[in-house]
> 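One structure follows; several queries about it will come next.
Predicted model, so just to flag it, every value in this text is computed and none were measured.
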Amino acid sequence: MENRDLLIIKYLSEGYKVTEISEQLSAHHSITISESLIEKRLSALRKQYQAKTLFHLGVLLTKEKII
């Protein structure tokens with residue numbers, strides 16, 4: 001999993017909304033990424049882990065000790 005994806009997941013697990021994740025990545029990590037791209041990355045991760053929802057994705061990633 002890419003560093004960018006790990007950061008997106010980290011902020012999502014902390015309760016940030018997609019717009020806030022974009023702001024955090026820009027402010028703290030010098031990563032400029034659109035809200036649309038964040039949503040696409042989350043969708044790709046859901047497909048990769050066969051998660052039905054973002055909550056389900058969080059549970060799966062926690063079980064695998066990724067977050």
> Give a yes or no on this: more than 12 heavy atoms of other residues, nucleotides or ligands lie within 6.0 Å of atom CD of Q50.
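No, CD of Q50 has 12 or fewer neighbouring heavy atoms, counting only those of other groups under 6.0 Å.
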> Where do L57 and L45 come nearest, in terms of heavy atoms and distance?
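Nearest pair, atom of L57 first, then L45: CD1-O, 3.8 Å.
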> Closer than 3.5 angstrom, by distance alone: can the side chain of S43 be matched with the main-chain N or O of E39 as a donor-acceptor pair?
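No.
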> Yes or no on side-chain contact (heavy atoms from CB on, under 4.5 Å) for T53 and H56, after CA distance, side-chain angles and deciding distance?
CA-CA 5 Å; T53 63; H56 188 205; 3.4 Å; yes
> Check step by step if side-chain contact (heavy atoms from CB on, under 4.5 Å) holds for E64 and V59.
CA-CA 9 Å; E64 292 191 19; V59 170; over 6 Å; no
> For the CD1 atom of I8 and the CG atom of L25, what is their distance to the nearest 0.5 Å?
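So the CD1 of I8 and the CG of L25 are separated by 6.0 Å.
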> So, do L7 and E2 sit near enough that their side-chain heavy atoms are less than 4.5 Å apart?
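In short, these two side chains do not touch, never coming nearer than 4.5 Å.
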> CG of L12 to CZ of R41: how many Å apart, nearest 0.5 Å?
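Reported to 0.5 Å precision, the distance equals 13.5 Å.
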> Tell me if a side-chain donor or acceptor on R46 pairs with a main-chain N or O of K52 at a distance below 3.5 Å.
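Yes; judged by distance alone, with no hydrogens or angles, the pair exists.
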> Do we see a donor-acceptor contact under 3.5 Å between the side chains of Y11 and H28?
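Short answer, no.
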> Can you confirm whether more than 12 heavy atoms, excluding those of K10, are under 6.0 Å from its NZ atom?
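Enclosed: over 12 neighbouring heavy atoms sit under 6.0 Å from NZ of K10.
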> Nearest 0.5 Å please: distance from the CD1 atom of I31 over to the OG atom of S22.
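With rounding to 0.5 Å, CD1 (I31) is 10.5 Å from OG (S22).
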> Looking at every non-hydrogen atom in both residues, tell me the closest pair between Y49 and L60 and how far apart they are.
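Between these two residues, the closest heavy atoms are O-CD1, 3.3 Å.
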> Rounded at 0.5 Å granularity, tell me how far CG in D5 sits from CD in Q48.
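Rounded to the nearest 0.5 Å, the CG-CD separation comes out at 8.0 Å.
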> Between CD1 of I33 and CD1 of I38, what distance do you get to the nearest 0.5 Å?
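Nearest 0.5 Å value for the CD1-CD1 distance: 5.0 Å.
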> Closest heavy-atom contact between E35 and V18?
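For E35 versus V18, the nearest heavy atoms are O-CG1, 3.6 Å.
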